[in-house]
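It should be emphasised that the depicted structure is a prediction, and the values quoted were computed from it without experimental measurement.
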2 protein chains.
Amino acid sequence: MAPRPRRSISSPEDEVLTRSVSITDTLRSSILAGEFKPGERIYEVNLSEQLDVSRTPIREALKVLAGEGLLDYIPNRGYHVREYSVDDIVQAYEIRAALEGLAAKRAAQLGMSAEERAIVEAALRDGEALLNKSRLSSEDRNQYGIINTAIHSAIHAAGQSRMLRDMLRQSQQIAPSSHRNVIAFELSDVRRRHDDHHRIYEAILCRDGGRAELLMRDHVESIKISLLRSISRDLLPR
Amino acid sequence: MAPRPRRSISSPEDEVLTRSVSITDTLRSSILAGEFKPGERIYEVNLSEQLDVSRTPIREALKVLAGEGLLDYIPNRGYHVREYSVDDIVQAYEIRAALEGLAAKRAAQLGMSAEERAIVEAALRDGEALLNKSRLSSEDRNQYGIINTAIHSAIHAAGQSRMLRDMLRQSQQIAPSSHRNVIAFELSDVRRRHDDHHRIYEAILCRDGGRAELLMRDHVESIKISLLRSISRDLLPR
DNA sequence: CCTTGTCAAAATGTATGCATCTTTGGTTGA
DNA sequence: TCAACCAAAGATGCATACATTTTGACAAGG
């Protein structure tokens, strides 16, 4: 096999690239994009041929992804794509609600930096503009997803806890599309969520940790409810 | 190197043993026991010589432990034992409080199985007997630790959520001894904690999820407080 | 028909050699 | 003197060969 090319000198601030790390990223995206069937067995040799590397970096990537909960591993019996039942996803939302609540409380207690505030305020404004429309296109919904992520990420950052951030990432990283986790929100739902964001941010600015936590918990719990509602609608069609 | 011995046929229900897995366990214990200095660099070759295996299973073990948050990893620059500041530990308690609260709530909502109830009730009785004494020996404290773990583990199990259990484990698995995290509890503290356990269990039996959550959160938060108190006492001696 | 045993193919586990990167210490040049 | 620069040593990354385990097919026996 050809030797690994030297990293270019001119790139100023690049991520370190080892095969193992980039393969980990590739596989993670594939799994989260639902490109593997839930429960599907993952064969090292397959992947190593597909990705044109030896089994070594593949094995390391699989170990990492198993640690992240994306794969199940049984010694001598390989890896399987982890299956998430509806109940698993509901549990993940409950966990996320508890953790996001804590993050919001900490953000309120510790205060948000100027940059963090700027990000949230810009996102709130953008959301305002977007939700003025009388109907949301698919692209609009996508756009709101980005806004939503910006707000939550800023609050996570303000929580100033690496462990908390790590766990939040894990609780959100649950193969979403594989279970059509994309909840069909009504426009009114989105507006309500956006209003939640406003209130949560206000509570944080007021340094009211208790209120920020309560609001955030309910905010996330309500997504869980929507999920349950949309599922029960699917199961009992009208 | 000598070939790996076949697994014995007679052992009925043994854990699967690969070098990689058992080394992972060994290293995890060592780290948690504080046998490495915080921040210390971990060299693959060192370990492979000490443990008399090749670098391959070592590398896999290190990947897993990094995933568990016990090690920091930088590509091409190896692994370091993760350092936990006092603040990190406090954050871990906050996370644990949120998660244990959720576990207690779920246990109340879902109910505890007969076995789980038996475990808790036995532990509560044992605690009763232990705390009757007027003074606790070091062995007694140790014993109460086991009782405490039994109660909490039973509640975790009753929560019926793998993700929740995994995260709880992670939030508790923070090199305790390396930071003399062993809080010097007064006997009255321990009695109070034991009383907490009684009330929490009652709330769970009554299927009062809200109360169970509240009590459990406060229960864990109070340990955080004790930690902070004992630290500030250390820093300002009298 | 189901069970059990055997064996070969296939998959994972481990050791090892080489490639690449980091680090370190000394050297050179301003 | 100090900084930039090499070169060698040391450490990690990756490929590969071989060892071990699992699995599935097939045959023999109940």
key: Among D:dC14, C:dA15, C:dT12, the one nearest A:R59 by side-chain distance   =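 For A:R59, the side-chain atoms sit closest to C:dT12.
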Protein-nucleic acid N or O pairs under 3.5 Å, nucleotides 6-11 of chain C:
residue, atom, partner, partner atom, Å
C:dA11, O3', A:R41, NH2, 3.1

request  = Would you sketch DNA chain C in dot-bracket for me? Only Watson-Crick or G-U wobble pairs with both distances under 3.5 Å count, crossing pairs as [ ], other-strand pairs as |, the rest as dots.
outcome  = ||||||||||||||||||||||||||||||
query = Is it true that a side-chain atom of B:S153 and a backbone atom of B:A150 form a donor plus acceptor pair closer than 3.5 Å?
reply =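 No: the side chain of B:S153 does not pair with the backbone of B:A150.
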inquiry  = Does a side-chain N or O of A:S54 approach OP1 or OP2 of D:dA15 to a distance below 4.0 Å, or not?
reply    =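 Yes, because at least one side-chain N or O of A:S54 sits under 4.0 Å from OP1 or OP2 of D:dA15.
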task = Establish, with yes or no, whether the OP1 or OP2 oxygen of C:dG13 is under 4.0 angstrom from a side-chain nitrogen or oxygen of A:Y79.
result =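 Checking C:dG13 against A:Y79, no side-chain N or O comes under 4.0 Å of OP1 or OP2.
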request  = Taking only Lys NZ, Arg NE, NH1 and NH2, and the carboxylate oxygens of Asp or Glu, determine whether A:K63 and A:E60 approach each other closer than 4.0 Å.
outcome  =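 Salt bridge flag = no for A:E60 with A:K63.
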request  = State plainly whether the residues A:R96 and A:E100 are in salt-bridge range, i.e. N to O under 4.0 Å.
outcome  =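 Salt bridge: yes.
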ask   = When you check the side-chain N and O atoms of B:S22 and B:D25, is any donor under 3.5 Å from an acceptor?
value =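 No pair is found: no donor N or O on one side chain lies under 3.5 Å from an acceptor on the other.
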message = Is it the case that C:dG13 (base atoms only) and A:R55 (side chain only) share a donor and an acceptor within less than 3.5 Å, ignoring hydrogens and angles?
response =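 Between C:dG13 and A:R55, which were checked side chain against base, a qualifying N/O pair under 3.5 Å is present.
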task = Using whole Å, report how far CG of B:D72 lies from P of D:dT12.
result =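 These atoms are roughly 15 Å apart.
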request  = Measure the spacing between CE of B:M112 and CD1 of B:I119 and express it to the nearest 0.5 Å.
outcome  =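 B:M112 atom CE to B:I119 atom CD1 measures 8.0 Å (nearest 0.5 Å).
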ask   = For the residue pair B:H152 and B:H197, does the interplanar ring angle fall in the parallel (under 30°), tilted (30 to 60°) or perpendicular (over 60°) class?
value =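 B:H152 and B:H197: perpendicular rings.
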ask   = A:K105: what forms a side chain to side chain donor-acceptor pair (under 3.5 Å) with it, not counting sequence neighbours?
value =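 Per chain and number, A:K105 pairs via side chain to side chain donor-acceptor pair (under 3.5 Å) with no residue.
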message = My understanding is that only one of A:L71, A:L70, A:I42 makes a side chain to side chain contact (heavy atoms under 4.5 Å, CB included) with A:F36; could you say which?
response =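 Going through the options one by one, the only one that passes is A:I42.
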